[in-house]
Amino acid sequence: MQSPYGRMGGDAKVRELVTRFYDLMDREPSYAGIRKLHKPDLSEAREKLYLFLSGWLGGPPLYAERHGHPMLRARHLPFSIGAAERDLWLQCMSRAMEETGVESGLRAELHQAFLKTADWMRNRDS
Ligand code: HEM
């Protein structure tokens, strides 16, 4: 069975997905609640999410090669993340997957996987 990375179309597709994800976050007022947690310049966030997702989707572990263990939860502790921020992140990612043509079955699988990871990032009760 091919990895989600392979099924999605590999490196170029992961890059496209991340580009769309942050473009949407940047320009859609409905995502302002999470856009404001990020730096004005999204270049580093774009690069790091691309590197991370490559490995997370079953492709080359680019993030680990360059930066070591991601320590994802610890790295999100400086930002206040509750259910509202988690859900905005997931909505933005679902829309990015749809708009970049990720096939619907794969999209549903990835939504579940993103949900687990995003929920784990929550560090605020309400
Ligand atoms: C739950 C809602 C989430 C919020 C509000 C959030 C927010 C953020 C913010 C504000 C940053 C810092 C970016 C900057 O430099 O300006 C960041 C970094 C990052 N996020 Fe998230 N994030 C969320 C979920 C996720 C999920 C689900 C993943 C992975 C599937 C993820 C992966 C990353 C990565 C890889 C970085 C870069 C870490 C580094 O500094 O090396 N995030 N996130």
Side-chain angles (χ1 to χ4, degrees):
M1 185 65 173
Q2 249 197 331
S3 64
Y5 179 87
R7 288 159 67 201
M8 224 170 115
D11 183 74
K13 198 74 191 178
V14 178
R15 182 67 92 174
E16 193 189 339
L17 175 65
V18 170
T19 298
R20 182 64 63 102
F21 173 76
Y22 279 115
D23 284 353
L24 284 166
M25 196 194 286
D26 202 26
R27 78 171 183 239
E28 293 288 327
S30 51
Y31 304 123
I34 52 174
R35 175 63 184 91
K36 70 179 184 203
L37 300 175
H38 294 73
K39 293 178 197 132
D41 180 353
L42 289 170
S43 329
E44 193 186 331
R46 287 177 190 273
E47 182 64 15
K48 287 190 166 165
L49 186 60
Y50 155 73
L51 295 173
F52 177 81
L53 287 186
S54 174
W56 186 85
L57 292 163
L62 303 178
Y63 186 101
E65 283 167 17
R66 289 172 178 63
H67 303 294
H69 192 289
M71 301 187 296
L72 216 52
R73 193 166 192 286
R75 282 190 205 278
H76 285 77
L77 286 178
F79 316 111
S80 179
I81 302 180
E85 289 77 12
R86 173 199 64 194
D87 292 347
L88 283 179
W89 196 102
L90 290 168
Q91 275 168 34
C92 189
M93 182 53 80
S94 287
R95 194 164 152 200
M97 287 197 284
E98 204 178 327
E99 290 186 10
T100 53
V102 177
E103 179 272 315
S104 66
L106 179 56
R107 228 159 61 207
E109 280 174 45
L110 291 179
H111 183 77
Q112 287 310 310
F114 277 127
L115 175 57
K116 282 191 195 151
T117 304
D119 193 54
W120 175 59
M121 233 67 86
R122 247 178 340 112
N123 52 36
R124 199 184 72 225
D125 275 342
S126 57

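Along the sequence shown, residues are numbered consecutively beginning with 1.
Remark: Arg95 does not engage Glu98 in a salt bridge, criterion side-chain N to carboxylate O under 4.0 Å. Salt-bridge formation is detected for the pair Glu109/Arg7: a Lys NZ or Arg NE/NH1/NH2 atom is positioned less than 4.0 Å from an Asp or Glu carboxylate oxygen. Contact check on Asp119 versus Arg122 returns a salt bridge, with a Lys/Arg side-chain nitrogen under 4.0 Å from an Asp/Glu carboxylate oxygen.
Rounded to the nearest 0.5 angstrom, Leu24 CG and Ser94 OG are separated by 11.0 Å. With values rounded to the nearest 0.5 angstrom, Arg27 atom CZ is found 13.0 Å from Arg35 atom CZ. If you take OG1 on Thr100 and CZ on Phe21, they are separated by 12.0 Å, rounding to the nearest 0.5 Å. Rounding to the nearest 0.5 angstrom, the gap separating the CE atom in Met8 from the CG atom in Leu110 is 7.0 Å. A distance of 4.5 Å separates CZ of Arg46 from CG of Asp23, quoted to the nearest 0.5 Å.
Relative ring orientation between Phe114 and Trp56 is described as parallel, the plane-to-plane angle staying below 30° on a 0-90° scale split at 30° and 60°. By the 30° and 60° cut-offs, the orientation of the rings of Phe52 relative to Tyr63 is perpendicular.
Arg86 places no side-chain N or O within donor-acceptor distance of the main-chain N or O of Ala118, the cut-off being under 3.5 Å. With Glu28 contributing its side chain and Ser30 its backbone, the two residues share no donor-acceptor pair below 3.5 Å. For Arg73 (side chain) and Trp120 (main-chain N/O), a donor-acceptor pair under 3.5 Å exists by modelled atom type.
Residues Leu106 and Pro4 meet the side-chain proximity criterion, which asks for heavy atoms closer than 4.5 Å. In this structure the side chain of Arg15 never reaches within 4.5 angstrom of the side chain of Val18, judged on heavy atoms. Side chains of Leu115 and Gln112 form a contact here, defined as non-hydrogen atoms less than 4.5 Å apart. Here the side chains of Leu88 and Gln91 are in contact, with some heavy-atom distance below 4.5 Å.
Listed by chain and number, the residues in a side chain to side chain donor-acceptor pair (under 3.5 Å) with Lys36 amount to none (sequence neighbours excluded). Partners of Arg75 under the salt bridge (Lys or Arg N to Asp or Glu O under 4.0 Å) rule, at least two apart in sequence or in another chain, do not exist in this structure. Listed by chain and number, the residues in a side chain to side chain donor-acceptor pair (under 3.5 Å) with Asp41 are Ser43 (sequence neighbours excluded).
Closest approach of Asn123 and His76 over heavy atoms only: ND2-O, 3.2 Å. Residues Cys92 and Met25 come closest through the heavy atom pair SG-N, 3.8 Å. Across every non-hydrogen atom of Ile81 and Met121, the tightest pair is CB-O, 3.8 Å. Residues Leu53 and Met93 approach most closely at CD1-CE, 4.2 Å, considering heavy atoms. Between Ser54 and Val14 the shortest heavy-atom distance is N-CG1, 4.2 Å.
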**Asked** How far apart are the C-alpha atoms of Asp11 and Tyr50, what are their side-chain angles, what is the distance that settles it, and do they pass the side-chain contact (heavy atoms from CB on, under 4.5 Å) test?
**Response** CA-CA 9 Å; Asp11 183 74; Tyr50 155 73; 2.4 Å; yes
**Asked** Stepwise, does the side-chain contact (heavy atoms from CB on, under 4.5 Å) test hold for Tyr31 with Asp26?
**Response** CA-CA 8 Å; Tyr31 304 123; Asp26 202 26; over 6 Å; no
**Request:** Show your reasoning for whether side-chain contact (heavy atoms from CB on, under 4.5 Å) applies to Glu65 and Leu51.
**Result:** CA-CA 9 Å; Glu65 283 167 17; Leu51 295 173; over 6 Å; no
**Message:** The test is side-chain contact (heavy atoms from CB on, under 4.5 Å); show your working for Phe79 and Ile34 and say whether it passes.
**Reply:** CA-CA 10 Å; Phe79 316 111; Ile34 52 174; over 6 Å; no
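Leu37 and Leu77 are not part of a single hydrophobic cluster, where members link through side-chain heavy atoms under 4.5 Å apart.
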